[in-house]
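Accompanying notes for the structure given below.
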Amino acid sequence: MIAESMYQELILEHYKHPQGRGLRDPFDAEVHHVNPTCGDEITMRVKLGDGGTVEDVSYDGQGCSISQAAASVLHELATGSTVPETLAVVDEFTRLMQGRGKVEADEDVLGDAVAFAGVAKFPARVKCALLAWMAYKDAVARSA
Amino acid sequence: MSTPAFDVDRIRKDFPILSRELPGGRPLVYLDSGNSSQKPTQVIEAMREHLAVHYGNVGRAMHALGAESTEAYEDARDKVAAFVGAPSRDEVVFTKNASEALNLVAYAFGNPTNSDPRFTLGPGDEIVVSEMEHHSNIVPWQMLAARTGATLKWFPVTDEGRLDLSGIEELVTERTKIVSVAHQSNVLGTVNPVEPILARVRQVGALLMLDASQSVPHKPVDVAALGVDFLAFTGHKAVGPSGIGVLWARAELLEAMPPFLGGGEMIEAVWMDRSTYAPAPHKFEAGTPPIVEAVGLGAAVDYLSAVGLDAVARHERELTAYALQALGELPGLKVIGPQDLQDRGGTVSFTLRGVHPHDVGQILDDEFGVAVRVGHHCARPLHLRFGIPATTRASFYLYTTTAEIDALVRGLHHVQKVFA
């Protein structure tokens, strides 16, 4: 069945064992995003370093496996990377999620986030996957 | 009258949608009737026939079709009035849905055009609802409080999921103008006791409204016997179509209330600077009403009456007992709401440890064809009360079978396996 392909092992692993969860100091910006249709929410902090490096992405929130795993994967991908690099990943991830399952994912750009490709087939769940990523984009913009 | 025998297999044949397959050949297991019910052929055909051979506008067209449509529309009012035991057909107002019925009543309070003392409302006056209400029985009253400066208060809910009436004397007082509560909770399944609330409401001279969206479709409800002042329900949860709801109110109250919407058919005479209004119910039915939907609702109450609401209630009681037992055996499953059958309807909401309801719903639907509702079910304050963001809700109706509950349980076992 299709949902089975949505609940990839990697997603379930991140849901059960979230990476980098919990809000940490110091931070440059904090944002709070909610998905009003399902009540999922996330608070995210970003700490940037010299030369546009992302020193830390910390978060807390509640919601379904997709939204929580997406935050965990984002933490792993973004921390230690640079702002331009991560924004490129956010753009590619957004393109994949909004592609109604018809977009070929660029695994080189997305890394582990490619596991969410199956979510794009479920329009009701796309917002779950994007919640943390949109929050991150917002937080980075506010850090600048 | 003898009790009609209840044969769920025969009833299911009346509902064509129940025999369809979902993509991938999955059978449909529809456990979302509390959200909206499915429709029997009798309703579908009555609406089709009306559109095919009788349709015209109601109340104003001076031709054969107009007369036939008007008769069918007003017939539906007679049927609904009889169905809920209304003392007069003129006490039945057709609205778009239960939300509109609730808004219509809220609009009558604290309204500068309404000087009737029962409806005056301002700072110092109070409105009382409960913590288990659907948003449609909260938000209109919040808006009313904001408009008038009145205070909104609410009955708390016990851990067991029942109304906490212990503080009723302090909650409902001489300052209270209106109390509006659910007859049956759309999340907990709890059937609320009308009598003690009504007794206190009468003592203090307030009015009582029931949101009966979840009770009227499922068991005999008689407004005269209940003795309340207002009652709202919706057609689509009662095997009828969407787009039509009902407000029942005592005639003298409807007479005192101002119109909610202005427009065609709700007037007596119009000048450029003023109007006089038609008597109830038409005063509250501005514009072309949902004609075909009313016909469908008439057919729906005919259908439910033929089956017998007592029989429907008995069937749902058996299903609820079966479901509470079967769900209770799942480790990590917690029912939110009464655990026994006392004053309880066929709606069972629950949480599953470690799995978010949206994931539960997705897997149930996609792999088992089991349709449940997940989320806060338009009752967010109730979920906040229980400290949870969401629940999974299975809700039953006259066409639900124990085999469908078995399918739900099998699905939940699988959900637990995926998230183990």
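These numbers come from the heavy atoms of this one structure, side chains and all, not from hydrogens, waters or symmetry mates. Owing to the predicted nature of the structure, the values given are computational and were not obtained by experimental measurement.
With a 6.0 Å radius and a threshold of 12 heavy atoms from other residues, nucleotides or ligands, B:R380 has its CZ atom at or below the threshold. Within a 6.0 Å radius of CD in B:E160, more than 12 heavy atoms belonging to other residues, nucleotides or ligands are found. Summarising the local packing, CZ of A:R100 is surrounded by 12 or fewer heavy atoms from other residues, nucleotides or ligands at distances under 6.0 Å. The local environment of NZ in B:K96 is sparse, with at most 12 non-hydrogen atoms from other residues, nucleotides or ligands closer than 6.0 Å.
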Show your working on side chain to side chain contact (heavy atoms under 4.5 Å, CB included) between A:M6 and B:D366 and close with a plain yes or no.
-> CA-CA 11 Å; A:M6 182 171 91; B:D366 193 62; over 6 Å; no
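Residue B:V360 does not touch chain A at all, counting heavy-atom pairs closer than 4.5 Å.
For B:H356 against A:Y15, the heavy-atom pair with the smallest separation is N-OH, 3.6 Å. Nearest heavy atom pair, residue B:H358 against residue A:Y7, reads O-OH, 4.2 Å. The shortest non-hydrogen separation linking A:Q62 to B:P389 is NE2-CB, 3.5 Å.
Although no hydrogens or angles enter the test, the distance criterion places a donor-acceptor pair under 3.5 Å between the side chain of A:K16 and the main chain of B:A420.
Comment: A:R125 engages B:D359 in a salt bridge, judged by a side-chain N to carboxylate O separation of less than 4.0 angstrom.
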